[in-house]
Undergrad: 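Attaching a single structure in structure tokens format; questions to follow.
Order of listing sets the numbers, starting from 1, for every ligand and every atom in it. These numbers come from a predicted model, not from an experiment.
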Amino acid sequence: ILREASVAMLSINNIVVVYDNVILVLKGVSLDVRKGAITTLLGANGAGKSTTLKAISGILFTERGSITKGTITLEGKPIQGKRAFDVTSLGIAQVFEGRRVFESLTCEENLVAGAHIERDSGKIASGIELVYSYFPRLKERRNQQSGYLSGGEQQMLAIGRALMSSPKVILLDEPSLGLAPMLVEEIFGIVKRLVEREGLTVLLVEQNASMALAVAEH
Ligand code: ATP
């Protein structure tokens, strides 16, 4: 039982990340994200937390960044350097800092967009129902333009959209940013239920250490 509990779903081993070939941002970062649990990565502004998530999800290159050393493995298989689309297909979804929803689309259209790797319309429909069961507020707002949702609702939508690719792992970048404590508690509570009931694995990046430590196991 002990061994099962300590299985790493995602591992980062000694990675070095450089922007523009010269700006050294991560210098030998290693961490394990345990399966079916919430692991939190804490750190001050500019410490390199978002860069760590971008290195995992494969979008570093869009900002002229690259992993020059080290490995990243998902269930033991190397994924470093793969394209974002392929990383998503392998089961990792990133929720960006600042809840970037597609503002001109409705809530439900955003969810459909999140299922871009899914071809089966039945699975897309059941994915939407699953998201609504965890985020009933999104169901109430399903036909509203998402640019007009509140900050908390947009954060819920960003998480819900990530769930639409049926990920094994969700990378959550500062979901508490700019939200009232009560809302943050509500959102973290839902994330915790997703972990417990759906077996989701979460890597949570936060500056709000007390909030993050209240929900994270590691
Ligand atoms: P925050 O909480 O403010 O998001 P963070 O810990 O997530 O901080 P990063 O966004 O990863 O930090 O940034 C780490 C460092 O890398 C910072 O010094 C930042 O200026 C630098 N950096 C980030 N993106 C780039 C880029 N595209 N080009 C050059 N430097 C960058």
Undergrad: Which protein residues have a heavy atom under 4.0 Å from ligand 1?
TA: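 Within 4.0 Å of ligand 1, protein side: Tyr19, Ile23, Val25, Ala44, Asn45, Gly46, Ala47, Gly48, Lys49, Ser50, Thr51, Glu63, Glu97, Glu174, Gln207.
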Undergrad: In chain order, what residues pass the side chain to side chain contact (heavy atoms under 4.5 Å, CB included) check against Asn13, with sequence neighbours excluded?
TA: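 Only Ser11, Thr71, Thr73 meet the side chain to side chain contact (heavy atoms under 4.5 Å, CB included) criterion with Asn13.
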Undergrad: Hey, are Glu108 and Lys139 close enough for a salt bridge, meaning a charged N less than 4.0 Å from a carboxylate O?
TA: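 Salt bridge between Glu108 and Lys139, a charged N being under 4.0 Å from a carboxylate O: no.
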Undergrad: Quick check for you: to the nearest 0.5 Å, what is the distance between Leu31 atom CG and Ile12 atom CD1?
TA: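 CD1 of Ile12 is found 4.0 Å from CG of Leu31.
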Undergrad: If the condition is side chain to side chain contact (heavy atoms under 4.5 Å, CB included), which residues does Leu42 pass it with, not counting sequence neighbours?
TA: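 Scan of Leu42 (side chain to side chain contact (heavy atoms under 4.5 Å, CB included), adjacent residues dropped) gives Thr40, Glu206, Ala209, Ala212, Leu213.
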Undergrad: Should the pair Arg137-Glu186 be classified as a salt bridge under the 4.0 Å nitrogen-to-oxygen rule?
TA: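 A salt bridge links Arg137 with Glu186.
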Undergrad: Suppose we screen for salt bridge (Lys or Arg N to Asp or Glu O under 4.0 Å). Which residues come up paired with Glu63, at least two apart in sequence or across chains?
TA: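 So Glu63 forms a salt bridge (Lys or Arg N to Asp or Glu O under 4.0 Å) with Lys54.
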